[in-house]
Amino acid sequence: MMLSKNLLLAALQGAFVLITVLLIQARAQAQSGFISIDCGISENSSYTDETTGLAYISDTNFTEAGENHEITPTHKLQTDEKQFWNLRSFPQGKRNCYTLKPVHGKGQRYLIRARFMYGNYDNENTIPKFDLYIGVDFWSTILLKYTWSVHNEEIIHVALSDYVRVCLVNTGFGVPFISALELRPLNNETYVSEIGTSLNLYGRFDFASATDRTTRYIDDVYDRFWSPVQTEVWKPLNVSLRDENNAMSMNLYEPPSAVMSTAYTRNNSYSYMGMNWIDLNTSSRYFFFMHFAELKKLRTNQTREFDIFINGKLWFGPLAPLYLRQTTIYSSTTGISPDTEGNIQIFINKTANSTLPPLINAMEIYVLNELSLKETDQTDVDAILNIKRVYGVKKNWQGDPCAPVTYVWDGLNCTYANSSHRITSLDLSSSGLVGEISPYIANLRMLQSLDLSNNSLTGMVPEYIGQLSFLRVLNLKGNNLKGPLPALLLERANNGSLSLSAEANVMVNKNSTSPTNETSSSSSLGYWCKNNKFVVPLFSTIGLLYFVL
């Protein structure tokens, strides 16, 4: 008998281990494509959050500036979310950015969330105010009410390139900071809005919450935050999904079962449920996503059917939710505008055929964010990022290279076309460049001016520089380059279509010999090529003069 008990215990232990492994695998699979960054923790560190099981990593590889800080011990006691214990502040530069490269790439719909808690990290007890950008477009202004306040900004955004950039902009009211940055891939068939727009979260509500706590991952596969709504005006409904082996049938939006298993309704004496939002921006458009599921097994003589009105107009109906089956009703791609006083009023009215009052389980509200600015051409972005990586450029190169115009990268000029922006000028003079001229420069096809002077570049001037058909100015002086010069470059310099500056030993072609000591100066002086002749520096007894004839 003892042996049987031991065998049974071993079997149960084995089953427990197997279930644990399967749960870990399920969580890892569910997290596929998630980017969870705890800003301000030590370099290259990481941890698994005890509450959600999400893996958080340092922001070291996502931004190039800023300083790590901890909030005060007193403020740490006011939050059990580890992501708020540290933050990164940006005292230098006007725009500082995080660059994310999600595995699903461009064309994918993402939920992006930036999180903030000041926590008096700088002992100044002064809460800063600053702007948040998604790519080149304004996202939101960040201003917390108290030092212990937690502020979340969420946006649903379709990536236009392989990179997603989140930027903090100093507007002169204190040093920007950020506590956490999160990205979650969504189903591309959900949360659809007009092309060239994003959706800023206004509110996401869990009606009659059973826990009175925010619901998120792992209950929500997309890690959306569902805020509990409690009121004595309405009557709560709920169903235990554990009893009777019930299971909630999901739709594309997949609101979590923990949220959908509760709802609010009204007494039979009321035929409607009303909600009102006031002081809204009258020029904004709002998008509503309402989630319904019947939580009672209705008898044959019972019906629950209702219409939904927004600002006095029928929005949808009639709707008869099915038992434990999710139904999502959402705005068209144009959204809903408040009335002239900034109000949006929703009434859910039971129909004449309904014996039961209406109900609602959950709701999401978003504000349309029009993306009015264009981004830099992806080929140019890839090229300039590779140039930055190869040479280890130390300039403040963050965010989009060309846009907004106010924040164009140091040393760059751009052309602003209707479709996308192109880099037309690159000045890397005196930038400590070492090695050969990077082949990635050839990918800047619209380049008109290139200045690589006063660095430590070596090797020969590559042929592909001559293939930059729009190039009009090329400065290679002050390097350790050698000739012969590509014939195409020399030809363009000779016919006046290219202003070319380089050392004497570079300004030769395959059919000529390098200048001798009798006919040339030291390599530091440089030569200009004009009318098929080399200009020779002249010496005098009172000093060194250099004339360009």
Side-chain angles (χ1 to χ4, degrees), residues 190-192 202-210 226 229-241 244 246-257 259-278 280 285-339 341 343-366:
T190 59
Y191 302 106
V192 177
Y202 181 83
R204 187 182 291 119
F205 309 112
D206 174 8
F207 290 114
S209 169
W226 298 85
V229 174
Q230 302 286 353
T231 178
E232 296 180 356
V233 175
W234 295 341
K235 177 182 177 181
L237 290 177
N238 63 76
V239 64
S240 174
L241 299 181
E244 308 175 26
N246 289 333
M248 185 74 67
S249 176
M250 300 287 191
N251 62 16
L252 287 177
Y253 288 86
E254 297 188 66
S257 295
V259 170
M260 296 299 293
S261 62
T262 63
Y264 270 128
T265 184
R266 296 213 66 163
N267 297 326
N268 281 330
S269 57
Y270 292 91
S271 62
Y272 66 89
M273 299 175 68
M275 294 172 278
N276 191 33
W277 285 267
I278 63 174
L280 301 177
R285 286 182 285 167
Y286 293 79
F287 283 66
F288 289 81
F289 297 81
M290 301 183 190
H291 307 285
F292 303 92
E294 178 60 70
L295 302 183
K296 291 181 61 177
K297 288 185 177 179
L298 303 185
R299 297 189 295 270
T300 55
N301 63 340
Q302 290 182 312
T303 58
R304 193 188 307 274
E305 185 182 81
F306 47 85
D307 295 320
I308 305 171
F309 292 83
I310 297 183
N311 284 351
K313 297 180 180 179
L314 180 64
W315 186 58
F316 189 89
L319 172 64
L322 300 177
Y323 181 64
L324 298 186
R325 190 166 182 175
Q326 295 177 358
T327 298
T328 298
I329 308 302
Y330 51 88
S331 304
S332 67
T333 56
T334 57
I336 297 168
S337 298
D339 63 22
E341 297 180 354
N343 300 327
I344 290 182
Q345 192 173 62
I346 295 177
F347 278 97
I348 306 176
N349 299 352
K350 76 174 186 178
T351 65
N353 298 325
S354 182
T355 63
L356 296 174
L359 61 72
I360 184 168
N361 307 70
M363 178 187 290
E364 300 173 76
I365 308 174
Y366 297 87

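This structure is a prediction, so every number in the text was calculated from the model and none was measured. For the single chain, residues carry numbers from 1 onward in sequence order.
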[X] (side chain) donor-acceptor with [Y] (main chain) under 3.5 angstrom:
X: S209; Y: V229; answer: no
X: S249; Y: L324; answer: no
X: S331; Y: I336; answer: no
X: S271; Y: N349; answer: no

**Message:** Going by side chain to side chain donor-acceptor pair (under 3.5 Å), H291 matches just one of E364, E254, Q326. Which one?
**Reply:** E364
**Request:** Determine the sole option in Y270, W315, Y272, F309 for which the ring-ring contact (aromatic ring centres under 6.0 Å, His included) test with F347 is passed.
**Result:** Y272
**Asked** Can you name the residues that form a side-chain contact (heavy atoms from CB on, under 4.5 Å) with K296, not counting sequence neighbours?
**Response** L237, E294, L298, Q302, R304
**Request:** Indicate the ring-plane relationship of F289 and Y330, choosing parallel, tilted or perpendicular according to the 30° and 60° boundaries.
**Result:** parallel
Which atom names give the shortest non-hydrogen contact between [X] and [Y], and what distance separates them?
X: I344; Y: P338; value: CG1-CA, 3.7 Å
X: A263; Y: A208; value: O-CB, 3.3 Å
X: T265; Y: W234; value: O-CB, 3.3 Å
X: M260; Y: L295; value: O-CD2, 3.4 Å
X: A293; Y: L359; value: O-CD1, 3.8 Å
X: A362; Y: V259; value: CB-CG1, 3.6 Å

Taking the side chain as C-beta and beyond, is there a heavy-atom pair between [X] and [Y] under 4.5 Å?
X: N276; Y: N343; answer: yes
X: Y286; Y: W277; answer: no
X: M250; Y: S257; answer: yes

**Asked** Taking it one step at a time, do N267 and K235 satisfy side-chain contact (heavy atoms from CB on, under 4.5 Å)?
**Response** CA-CA 7 Å; N267 297 326; K235 177 182 177 181; 3.8 Å; yes
Could you tell me the separation between the [atom1] atom of [X] and the [atom2] atom of [Y], rounded to the nearest 0.5 Å?
X: D307; Y: E305; atom1: CG; atom2: CD; answer: 7.5 Å
X: T262; Y: I360; atom1: OG1; atom2: CD1; answer: 11.0 Å
X: M273; Y: I346; atom1: CE; atom2: CD1; answer: 11.0 Å
X: D206; Y: S261; atom1: CG; atom2: OG; answer: 8.0 Å
X: M248; Y: N361; atom1: CE; atom2: CG; answer: 7.0 Å
X: F292; Y: I308; atom1: CZ; atom2: CD1; answer: 4.0 Å

**Asked** Can you list the steps and then say if T327 with M290 is a side-chain contact (heavy atoms from CB on, under 4.5 Å)?
**Response** CA-CA 8 Å; T327 298; M290 301 183 190; over 6 Å; no
**Asked** Between the side chains of R285 and Y366, is a donor N or O closer than 3.5 angstrom to an acceptor N or O?
**Response** no
**Test side-chain contact (heavy atoms from CB on, under 4.5 Å) applied to F288 and I329, step by step** = CA-CA 8 Å; F288 289 81; I329 308 302; over 6 Å; no
**Request:** State yes or no: are the ring centers of F287 and Y191 separated by less than 6.0 Å?
**Result:** no
**Message:** For Y264 together with F205, are the ring centres under 6.0 Å from each other?
**Reply:** no
